[in-house]
Amino acid sequence: MDLESLADRMSSRASKYDVSGDFPEEDFDDLRAAGLLGLMVPRRLGGGGASFAEYTDVAMRLGSGAGATALIFNMHASVTGALAHIPEELVRQFGAPESFAASRDRVLQAAAGGALYAVAMSERGIGSRLSKVRTSYERTDSGFRITGAKTFVSGAGHADAYLVAARDSTSEGPRISYFLVPSGSGVEVRPAWDALGMRATASHDLHLHAEVGEDALLGGIEGTALLLAQVMPQWLVASYAAVYVGVAKAVLRHGAEHLNERGLQRLPMVRARMGRADTQVAAAELVVRNAARLVTEDPGSPETNRWVWRAKLAAGDTAAEVAFSVLEAAGASAMRRGHPLERLYRDARCGALQPATSDVCADWLGACAMGDDPDEVARW
Ligand SMILES: Cc1cc2nc3c(=O)[nH]c(=O)nc-3n(C[C@H](O)[C@H](O)[C@H](O)COP(=O)(O)OP(=O)(O)OC[C@H]3O[C@@H](n4cnc5c(N)ncnc54)[C@H](O)[C@@H]3O)c2cc1C
């Protein structure tokens, strides 16, 4: 099935999953059947071998079909993409064990075979501030014991494993490591997600009291979480950007449909709102695609990273602004439950709130614009 047909099928189911707040099972059946869970996995391991630019294109198309599904997919792509793209020299330089390559390949191969990964980073009271996570780990004879509680875990209860950020309980400073914790024993999902927007992400709470083996430690090295946020900011800061440009495109599509059906398309105010929205979305798409191209061609450079932060800001703000304006043009009938613009208005509101929030992006970029070091202040 091509991406357009897949996005259309997702779009036709989006309202149902939004109302129930259930995980979009049928969408993931389709994504799995299309081999998209292996999108970021290298070809030698049976995957699609996609670049960040190719991921961006896919996420944008899926986001225009069903934002919530595309967000869960983004979490999975962040885990597999970061693993697939992390420079091997860097990992070795930081002392990764010989077993690193084999355990990374196992995780990626499983994704190519249809395994789904979720991200369990955020916690109640601290949001996504990695340096402040309270979930902790300690060494055992066979690996690690991880204890704590996570929140906002998109796809909770449906993932095969969770990327968990946890602090070393024996370290004085913030020594934060990533673990890939398999679902099952010691991993309890507590239903807690009844949110304004992106309801079908099923972003429930996760309680951990898990024993994992040595190879659950990502990269085989402790204390890499904050480093990875600096070295590969695209996966933490801007991979959602493509999803929200997709959501903004859906607003234009459903807006035009509604306005034409209602015979409102000749009203000058309505046309002006659609014209502005069209230009805003086109501009955001260009910023996001340019950031993605730079990540692919020149990852990690200061100029690339600046575009990464611009992409998140442009996409988050644009989605919310065009959803607000097009709903106003469409009128009160479009705010009835079940109307696509009503759902998109709520979904689009989430973009600026996801980390890095629009305010944090703007602060980072403002520091840059004035010649300051934007990372002087700890962002995570
Ligand atoms: C739809 C959706 C899906 C999500 N899915 C996942 C998921 O799968 N996994 C996961 O781990 N998390 C997920 N999250 C959670 C998300 O990553 C954030 O952690 C969460 O939104 C933080 O919420 P918070 O209420 O603590 O707000 P915060 O992000 O803490 O923000 C509160 C306020 O503080 C400001 N602020 C925050 N940080 C800084 C800073 N460094 N400097 C200055 N100001 C700052 C913000 O701008 C905001 O005004 C999801 C969130 C949403 C909305």
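Along the sequence shown, residues carry numbers from 1. Side-chain atoms are counted along with the backbone in the values below, which use heavy atoms only and exclude waters and symmetry mates. Ligands are counted one by one from 1 in listed order, and the atoms in each one are counted from 1 as well.
- Among protein heavy atoms, the minimum distance from atom 53 (C) of ligand 1 is reached at Gln354 CG, 3.8 Å.
- Ser122 and Ser128 are not linked by any side-chain donor-acceptor pair at a separation below 3.5 angstrom, with hydrogens and angles left out of the test.
- Residue contacts with ligand 1: Leu71 is placed with no nitrogen or oxygen under 3.5 Å of a nitrogen or oxygen of the ligand (distance criterion only).
- Using a 4.0 angstrom heavy-atom cutoff, Ala118 does not count as in contact with ligand 1.
- Less than 4.0 angstrom separates atom 5 (N) of ligand 1 from at least one non-hydrogen atom of the protein.
- Looking only at protein heavy atoms, the nearest one to atom 13 (C) of ligand 1 is Phe152 O, 3.0 Å.
- Of the N and O atoms on the side chains of Thr151 and Asp205, at least one donor lies less than 3.5 Å from an acceptor on the other residue.
- Contact atoms of ligand 1 toward Pro355: 16 (C), 17 (O), 18 (C) (distance under 4.0 Å to a heavy atom of the residue).
- Remark: ligand 1 atoms within the under-4.0 Å shell around heavy atoms of Ser154 are 3 (C), 4 (C), 5 (N), 6 (C), 7 (C), 8 (O).
- Less than 4.0 angstrom separates some heavy atom of Ser128 from each of these atoms of ligand 1: 19 (O).
- For atom 24 (P) of ligand 1, the closest heavy atom belonging to the protein is Gly127 CA, 4.1 Å.
- For His339, the ring-ring contact (aromatic ring centres under 6.0 Å, His included) test picks out His258, with sequence neighbours left out.
- Using modelled atom types and a 3.5 Å distance limit, the side chains of Ser325 and Arg273 yield a donor-acceptor pair.
- By the 4.0 Å heavy-atom criterion, Arg129 is counted among the residues contacting ligand 1.
- Taking a cutoff of 4.0 Å between a charged side-chain nitrogen and a carboxylate oxygen, Arg139 and Asp168 do not qualify as a salt bridge.
- Of the candidates Ser203, Ala362, Ser122, the one placing a heavy atom closest to atom 11 (O) of ligand 1 is Ser122.
- Between Val360 and ligand 1, no N or O atom pair is found at a separation short of 3.5 Å.
- For Arg167, the side chain to side chain contact (heavy atoms under 4.5 Å, CB included) partners are Val133, Ser136, Pro174, Ile176, not counting sequence neighbours.
- Two residues are said to be in side-chain contact when any heavy atoms from C-beta on lie closer than 4.5 Å; Met60 and Thr56 meet this criterion.
- Scanning the protein heavy atoms around atom 49 (O) of ligand 1, the nearest turns out to be Asp359 OD2, 4.6 Å.
- With salt bridges taken as basic N to acidic carboxylate O contacts below 4.0 Å, none links Arg199 and Asp22.
- Nearest protein neighbour of atom 31 (O) of ligand 1, counting heavy atoms only, is Thr357 CG2, 4.4 Å.
- The distance from ligand 1 to the heavy atoms of Met121 drops below 4.0 Å at these ligand atoms: 11 (O).
- Ring-plane geometry between Phe52 and Trp235 is classed as perpendicular, the angle between the planes exceeding 60 degrees on a 0 to 90 degree scale with a lower cut at 30.
- Near Val119, the atoms of ligand 1 lying under 4.0 angstrom from a non-hydrogen atom of the residue are 7 (C), 8 (O), 9 (N), 10 (C), 11 (O).
- Although no hydrogens or angles enter the test, the distance criterion places a donor-acceptor pair under 3.5 Å between the side chain of His204 and the main chain of Trp193.
- The shortest contact between atom 21 (O) of ligand 1 and any protein heavy atom is with Leu353 O, 3.9 Å.
- Protein heavy atom at the shortest distance from atom 1 (C) of ligand 1 is Met198 CB, 3.5 Å.
- Side-chain contact, Arg13 with Thr69: no donor N or O sits under 3.5 Å from an acceptor N or O.
- In this structure, atom 33 (C) of ligand 1 has its sub-4.0 angstrom surroundings free of protein heavy atoms.
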